[in-house]
Structures are given as structure tokens and as C-alpha cells.
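Excluded from the calculations below are hydrogen atoms, water molecules and symmetry mates; all remaining heavy atoms, backbone and side chain alike, are included.
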Amino acid sequence: MEIANSVALVTGANGGLGQYYVEALRSRGATKIYAAARNPNLLADLVATDPNTIIPVALDVTNEESVNQAAAQCQDVTLLINNAAVGFNQGLIAASDLSQARMEMEVNYFGTLMMCRAFASVLKQIGGGAIVNMVSMVARVNLPFNGSYSASKAATLSLTQGVRAELAAQGTLVIAVLPATIDIGMGKAYPDPKVSPEEVVNDALQAAIDGVEDVYPGEQAKQMAAQLLKDPKAFEKAIAVMLPSSTH
Ligand SMILES: NC(=O)c1ccc[n+]([C@@H]2O[C@H](COP(=O)([O-])OP(=O)(O)OC[C@H]3O[C@@H](n4cnc5c(N)ncnc54)[C@H](OP(=O)(O)O)[C@@H]3O)[C@@H](O)[C@H]2O)c1
């Protein structure tokens, strides 16, 4: 697909990477960009940069009514970018209870799934289009100090593969983006190395143009993917030492 003249919807557009998606879409000539956020007031500055192109949309991806309302409002979408997520840096055992693990599944897995379901028919009617799901390298190997987030992203990767299979017949390209640490948002507190947000969104949009299904932006993610291919058990063991501080 082409980004120029596309109509995109970006979830979590008020967040770190979400704003970079909106700006990259705009600079590549998207005709309309629905910038979605739980609180659309937080989008005022972004919308003000190009009010003719950037349309604010109220959207909580965990609320089915809100998701269906967004789909009804945005019937011309050709490119859906499921970027919204939460991550709490909790261990699976070390966490005091399951509330944050459940929230990670609600937003990252069920939220993405609800968006794919609501927009599948919109994309069918425009002849295919594309879905970009922001996954993470930790979908492929559990990072123990962020264990429940990793599990939610593993579920998101699996749903991406399943949705891809189900929507292939209608010509919808379904892309998984799997960066390691990004120098933005939830990656800010992490140590180097980090990939720049510009590189992540450029690689994701280029994948939509080139028809690439799985994207590993940045050197760190590419090296991790190569290590996983070479010796997955050795890589799991190397990452297993990164424990939550309260695990003994
Ligand atoms: N940063 C990294 O190092 C990194 C690495 C790999 C993958 N990723 C993935 O890249 C994406 C963007 O990450 P980021 O670092 O930019 O995250 P971020 O700065 O924490 O932004 C997350 C966005 O998601 C929104 N959101 C959370 N819950 C929502 C809900 N229920 N409904 C709608 N929107 C909701 C947030 O909105 P509110 O302001 O309303 O909370 C915020 O706009 C995520 O999918 C993340 O998992 C990030």
C-alpha cells in the first residue's frame, strides 16, 4: 500500500511513539490521520500542527462501545496502527497481585484484538489496507523484570499471526513491529542501547509499503532475532538473569 493518500488511525496518539506515527504519516502525505486517545484534550497541540489533516478521536481500546463508536466514525480508514499499550515492569511471581498483569492483557491483547475485529470490515470495504500492531521483542523471549507485559505482548504477537491468516483473503496486510528498547515513552527509563522513535515508525510504514509482515527496527532487535534463530534456549537463559528486584 501507499502511505501518501492513505487514511490512518493511530491509537495512543497522545503517547510517546503515537505522536511520531502521526508526524511520520503527515510528512509522507497521508490525507487524513485519526489521532485517537482516551482523553482527546491531550491531542490539542498535535492537532494544532495540521488541523485539516489530524482529526482527534476519543478512544479507550478496552471499552467495546468506544471501539465500535470509533469504527463507525472512521469508515474510511485504510491503515490501522494499534500502538496503545500499558506496561508496569512487574514480575510474574514478584508482583503483589494480578491487577497490573490483567490490565496489560486488557489493553495490549484484548484492546488490540477488539480494534482488529472492529476495523476488519472497514478495511475489507476499502479493498484490503493494512494493520500495524506494535508488539515488542519481549513477545519472543520473556524479560522477567517485565514478565507480565512480556506475556501480554506474546499474546499480541500470536493474535497478529491469527488475524493475518483470517484477513489474508480480503487482502489486508497485517504487520507485527518488534523493537527492543525505544528511546521514548515506556523505554525512557531503560538503559542503552535504544532505537530512535523515528526509525521505528519509518521501518513500520516502510513495511506497509513493501508488504513486509514482521519488522525488527534497530540493531538491538535485529541481533536479538538472530540470536533467537541461532540458539533460542541460550538466549532465554541469557535474558533470565534480568529479574525483578524483589525476586530472590
Ligand atoms: N518504548 C519502548 O521501549 C517500547 C519497546 C517495544 C515496544 N513498545 C510498544 O510501542 C507502543 C508505544 O509505546 P510507548 O513507549 O510510546 O508507550 P507510552 O508512551 O506509554 O504510550 C502509550 C499510549 O497508549 C495509550 N493507552 C494506554 N491505555 C489505553 C487505553 N485503554 N485506550 C487507549 N489508549 C491507551 C496511552 O494513553 P494515556 O495517556 O491515556 O495513558 C498512551 O498514549 C506500545 O505498544 C509499546 O508496547 C514500546
Roughly how far, to the nearest 0.5 Å, is [atom2] of [Y] from [atom1] of [X]?
{"X": "Glu198", "Y": "Ile182", "atom1": "CD", "atom2": "CD1", "answer": "11.0 Å"}
{"X": "Ser150", "Y": "Leu92", "atom1": "OG", "atom2": "CG", "answer": "7.5 Å"}
{"X": "Met105", "Y": "Phe110", "atom1": "CE", "atom2": "CZ", "answer": "6.0 Å"}
{"X": "Leu17", "Y": "Met186", "atom1": "CG", "atom2": "CE", "answer": "9.5 Å"}
{"X": "Gln100", "Y": "Ser152", "atom1": "CD", "atom2": "OG", "answer": "12.0 Å"}
{"X": "Asp45", "Y": "Asn14", "atom1": "CG", "atom2": "CG", "answer": "11.5 Å"}

**Test log, rule side chain to side chain contact (heavy atoms under 4.5 Å, CB included), inputs Tyr190 and Asn146** = CA-CA 12 Å; Tyr190 281 56; Asn146 210 357; 2.9 Å; yes

**Message:** If the test is side-chain contact (heavy atoms from CB on, under 4.5 Å), which one of Val57, Leu25, Val47, Leu79 qualifies with Ile33?
**Reply:** Leu25

**Asked** Testing Ile239, Thr181, Leu228, Leu143 for side-chain contact (heavy atoms from CB on, under 4.5 Å) with Met137, which one passes?
**Response**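 Testing Met137 for a side-chain contact (heavy atoms from CB on, under 4.5 Å) against Ile239, Thr181, Leu228, Leu143 leaves exactly one candidate, Leu228.
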
Cluster link [X] to [Y], ILVMFWY, side chain under 4.5 Å:
{"X": "Val212", "Y": "Leu178", "answer": "no"}
{"X": "Met115", "Y": "Leu167", "answer": "yes"}
{"X": "Phe145", "Y": "Val241", "answer": "yes"}
{"X": "Leu46", "Y": "Ile81", "answer": "yes"}
{"X": "Leu173", "Y": "Val135", "answer": "no"}

Using a 4.5 Å cut-off on heavy atoms from C-beta on, say whether the side chain of [Y] contacts that of [X].
{"X": "Glu23", "Y": "Thr49", "value": "no"}
{"X": "Arg117", "Y": "Glu64", "value": "no"}
{"X": "Val61", "Y": "Val107", "value": "yes"}
{"X": "Ser196", "Y": "Asp183", "value": "no"}
{"X": "Val200", "Y": "Val177", "value": "yes"}
{"X": "Tyr216", "Y": "Arg140", "value": "yes"}

**Request:** Give the intermediate values and the outcome of side chain to side chain donor-acceptor pair (under 3.5 Å) for residues Tyr34 and Asp76.
**Result:** CA-CA 10 Å; Tyr34 294 110; Asp76 50 355; 2.8 Å; yes

**Request:** Go through the steps to decide whether Val141 and Gln227 satisfy the test side chain to side chain contact (heavy atoms under 4.5 Å, CB included), and finish with yes or no.
**Result:** CA-CA 11 Å; Val141 61; Gln227 282 173 289; over 6 Å; no

**Item:** Neighbour count >12 (heavy atoms, 6.0 Å) for atom NZ, Lys124
**Value:**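 Count not over threshold, so no.
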
**Prompt:** Does a sphere of radius 6.0 Å around CD in Gln161 hold more than 12 heavy atoms from other residues, nucleotides or ligands, not counting ones at 6.0 Å or beyond?
**Reply:** yes

Grab the two heavy atoms, one from [X] and one from [Y], that are nearest each other, plus how far apart they are.
{"X": "Leu123", "Y": "Ile131", "value": "CD1-CG1, 3.5 Å"}
{"X": "Ala36", "Y": "Leu43", "value": "C-CD1, 4.4 Å"}
{"X": "Ala71", "Y": "Val122", "value": "O-CG2, 4.3 Å"}
{"X": "Met103", "Y": "Phe88", "value": "SD-CZ, 3.7 Å"}
{"X": "Leu59", "Y": "Ser66", "value": "CA-OG, 3.4 Å"}
{"X": "Gln220", "Y": "Pro193", "value": "OE1-O, 3.2 Å"}

**Request:** Using only heavy-atom distances, determine whether the side chains of Tyr20 and Asn83 contain a donor-acceptor pair under 3.5 Å.
**Result:**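 Side-chain D/A pair, Tyr20 to Asn83: absent.
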
Is there a donor-acceptor pair under 3.5 Å between the side chain of [X] and the backbone N or O of [Y]?
{"X": "Asn108", "Y": "Val86", "value": "yes"}
{"X": "Ser158", "Y": "Ala155", "value": "no"}
{"X": "Asn133", "Y": "Asn82", "value": "no"}
{"X": "Lys194", "Y": "Lys188", "value": "yes"}
{"X": "Ser6", "Y": "Ala30", "value": "no"}
{"X": "Lys153", "Y": "Met134", "value": "yes"}
{"X": "Thr31", "Y": "Asn5", "value": "yes"}
{"X": "Gln73", "Y": "Ala58", "value": "no"}
{"X": "Glu199", "Y": "Pro217", "value": "no"}
{"X": "Gln170", "Y": "Gly128", "value": "no"}

**Asked** So does Glu236 pair up with Lys233, basic N to acidic O under 4.0 Å?
**Response** yes

**Prompt:** Taking 4.0 angstrom as the limit, do Asp214 and Arg164 come out as a salt bridge?
**Reply:**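 Salt bridge between Asp214 and Arg164, a charged N being under 4.0 Å from a carboxylate O: yes.
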
**Asked** Which is it for Thr53 and Asp50 under the side chain to side chain donor-acceptor pair (under 3.5 Å) test, yes or no, and what are the steps along the way?
**Response** CA-CA 6 Å; Thr53 310; Asp50 188 352; 2.9 Å; yes

**Message:** Apply side chain to side chain contact (heavy atoms under 4.5 Å, CB included) to residues Thr78 and Glu2 and explain how you reach the verdict.
**Reply:** CA-CA 10 Å; Thr78 62; Glu2 292 305 317; over 6 Å; no

